[in-house]
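Read the structure below first, then the notes.
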Amino acid sequence: MNNLFLPQELIRKKRDGLILSDPEIGFLVKGISDNSLTDAQLGAFAMAVYQCGMTMDERVSLTTHMMNSGDTLQWQDLNLDGPVVDKHSTGGVGDKISLMLAPIVAACGGYVPMISGRGLGHTGGTLDKLESIPGYNGTPDNNKFQSLVKEVGCAIIGQTAKLAPADQRFYATRDVTATVESIDLITASILSKKLASGLDALVMDIKTGNGAFAANYEMAKELAQSIADVSGSAGVPTNCLITDMSQVLGHSVGNAVEVIECINFLVEPDNANQRLMELTLQLAAHMLLLSGIESDLVSAKTKSQEALSSGKAASIFEQMIHSLGGPIDLMENANQYLTPMPIISPIASTSSGYVSEMNVREIGLSMIHLKAGRTKSIDPIDHGVGLSNIVSIGQWVDKGEPLVLAHVREKDQISYLQEILPSVFTLSEQSQSIPSLIYEIISSNKENH
């Protein structure tokens, strides 16, 4: 590492729109990790990147150095008989797909080491959902994590301090310096963690719509292209699906209620929410195709459906939960472990009509208000609070009929939801067309579908 670099000179170079070399970026990332770069310098660097952007080579360099700032998982010694493949979502309200997707792909012969996040902002976190299950330990050490992936086929855990540690400090700084919405920095943040997992293939679910981080379609497309290009340049084939987040995914939002929906999905797939089913199977199919388990999307989707309908995916899910400290009989006795709330009450519609729109972001924020989510990473959350039986776009609702079922602890929480939620749903006299589920697929091999 060249000790002649001065942080302020590299920041100035980026501020002036010049290109940083790989050793220069490596020097800055080392400074993030060992704290030789001050918070002020890190904030200034983030703002310089936010304002001036990065070239593709700079993005690849930043991602690679952040990936190598801590442990990287190696799978060669485990003699796996299938590919290591993962999926990452940019987050959406009611997005519980990882819980079904990992066991489906494992049932088809893939190995899925899924390192997921906690919820922050209006979208829920996969880890928070799983931690509503008593005993579930989402923070095993790397050896336990890797041996579980080998034994069970999949494991869903939280980010450890040893994987891409530079990202943790960088993200915290971006969060308080108004530099989160940078395509360059989002790309490096997501991929440094994913590529540290030693993947053979990656599928990304980039959400767009009012419930998504990338509410604007152009931003979603730019992010998808950036992730596909950087990941492909790092040697990991990647497909990015740009998907709709203009309505809740599935019919529940919250932690325990979403786990219940996932269990029902795995045990009784015929009764599952259709949009949730379609997106889960599409993502699974892309994972099987990219990782070489299947040679075309049609057979990959068929194989995924069989893994679900045979009950094999449900069995793997239960095994994964038990291996990470949860109960062995969760599927049969879900209500015993995910105790129903003392108050389960409908929130009534104040008018009649077809549901034509919903403000998904507001639904997510209402859950944070009731402590089902968090505003700061250290906030405790109430795993039991949630909404189920949420109406869908295109559905007719009569005045006085339920828009959702609220699962809460206190009567004043019902009053709050009855005041807030009816205005979240737009009802109209004419039936509306339902938004497409998948808008576009962008691949690392530059072939856009």
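In this structure, the side chains of Glu58 and Lys14 come closer than 4.5 Å at one or more pairs of heavy atoms. For the pair Phe425 and Ile363, the minimum side-chain heavy-atom distance is below 4.5 Å. Side-chain contact between Leu249 and Leu279: present, with at least one pair of heavy atoms (C-beta onward) separated by less than 4.5 Å. You'll find the side chain of Ile328 stays beyond 4.5 Å of the side chain of Glu318, heavy atoms only. Taking 4.5 Å as the limit, every side-chain heavy atom of Thr243 sits out of range of all side-chain heavy atoms of Gln282. A 4.5 Å side-chain heavy-atom check between Lys129 and Glu261 finds every atom pair outside the cut-off. Contact check for Ile186 versus Arg174: side-chain heavy atoms found under the 4.5 Å cut-off. The shortest side-chain heavy-atom distance between Leu223 and Met204 does not fall under the 4.5 Å cut-off.
Closest approach of Met287 to Leu101, counting heavy atoms only: SD-CD2, 3.7 Å. Between Pro327 and Tyr337, the closest heavy-atom pair is CB-CZ, 3.4 Å. Scanning all heavy atoms of the two residues, the minimum distance from Thr63 to Ala188 falls at OG1-CA, 3.3 Å. Taking both residues in full, the closest heavy atoms of Leu6 and Phe27 are given as C-CE2, 4.5 Å, listed atom of the first, atom of the second, then distance.
Formation of a donor-acceptor pair under 3.5 Å by the Ser231 side chain with backbone atoms of Val236 is found in this model. The backbone N or O of Ile316 sits nowhere less than 3.5 Å from a side-chain atom of Gln319 that would complete a donor-acceptor pair. No side-chain donor-acceptor contact under 3.5 Å links Ser36 to the backbone of Ile32. Of the possible donor and acceptor atoms, none in the side chain of Thr208 sits under 3.5 Å from a partner among the backbone N and O of Ile206. With hydrogens and angles ignored, the 3.5 Å screen pairs no side-chain donor or acceptor of Ser197 with any backbone N or O of Leu199. Side chain of Asn210 to backbone of Val360: a donor-acceptor contact under 3.5 angstrom is found. Here the side chain of Gln146 pairs a donor or acceptor atom with the backbone of Gln74 at under 3.5 angstrom. A donor-acceptor pair under 3.5 Å is absent between the side-chain atoms of Glu357 and the main chain of Thr426, judged by distance alone. Formation of a donor-acceptor pair under 3.5 Å by the Ser116 side chain with backbone atoms of Ile157 is found in this model. For Asn273 (side chain) and Leu276 (main-chain N/O), a donor-acceptor pair under 3.5 Å exists by modelled atom type.
With hydrogens and angles left out, the side-chain atoms of Ser98 and Lys87 include a donor and acceptor closer than 3.5 Å. A donor-acceptor contact closer than 3.5 angstrom is absent between the side chains of Tyr50 and Asp184. Checking Ser226 against Thr187 by side-chain atom types alone, a donor-acceptor pair falls below 3.5 Å. Asn239 and Ser443 share a side-chain donor-acceptor pair at under 3.5 Å. Remark: the Glu294 side chain and the Ser299 side chain contain an N/O donor-acceptor pair separated by less than 3.5 Å. Side chain to side chain, Asp229 and Gln225 meet the donor-acceptor criterion of an N or O pair below 3.5 Å. For the 3.5 Å distance criterion, the side chains of Asn271 and Glu268 qualify, holding a donor opposite an acceptor.
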Start with the C-alpha gap between Tyr111 and Asp81, add the side-chain angles, then the distance that decides, and say whether side-chain hydrogen bond (donor to acceptor under 3.5 Å, both in side chains) holds. CA-CA 9 Å; Tyr111 289 89; Asp81 57 2; 2.4 Å; yes
The test is side chain to side chain contact (heavy atoms under 4.5 Å, CB included); show your working for Gln305 and Leu308 and say whether it passes. CA-CA 5 Å; Gln305 276 171 315; Leu308 189 56; 5.7 Å; no
Would Ile260 and His407 count as a side chain to side chain contact (heavy atoms under 4.5 Å, CB included) here? Give the steps. CA-CA 13 Å; Ile260 295 272; His407 300 245; over 6 Å; no
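In this structure, the separation between NE2 on His65 and OG on Ser33 is 11.0 Å, given to the nearest 0.5 Å. Put simply, NZ on Lys144 and OG1 on Thr139 are 10.0 Å apart, with the number rounded to the nearest 0.5 Å. Distance check: Gln247 CD to Met245 CE gives 8.0 Å after rounding to the nearest 0.5 Å. A distance of 10.5 Å separates CD1 of Ile442 from CD of Glu222, quoted to the nearest 0.5 Å.
The ring-ring contact (aromatic ring centres under 6.0 Å, His included) search around His322 returns none, not counting sequence neighbours.
Using a cutoff of 4.0 Å between basic side-chain nitrogens and carboxylate oxygens, Lys303 and Glu306 are not scored as salt-bridged. Arg169 has a carboxylate O that lies under 4.0 Å from a charged side-chain N of Asp39, or vice versa, which qualifies the two as a salt bridge. A salt bridge is absent between Asp16 and Arg12; no separation between the charged side-chain nitrogens and carboxylate oxygens falls under 4.0 Å. The residues Arg275 and Asp244 are annotated as salt-bridged, a charged nitrogen and a carboxylate oxygen being separated by less than 4.0 angstrom.
In Gln432, the CD atom is crowded: over 12 heavy atoms of neighbouring residues, nucleotides or ligands sit closer than 6.0 Å.
Screening Ile438, Leu288, Ile97 for a side-chain contact (heavy atoms from CB on, under 4.5 Å) with Leu283, the sole residue that qualifies is Ile97.
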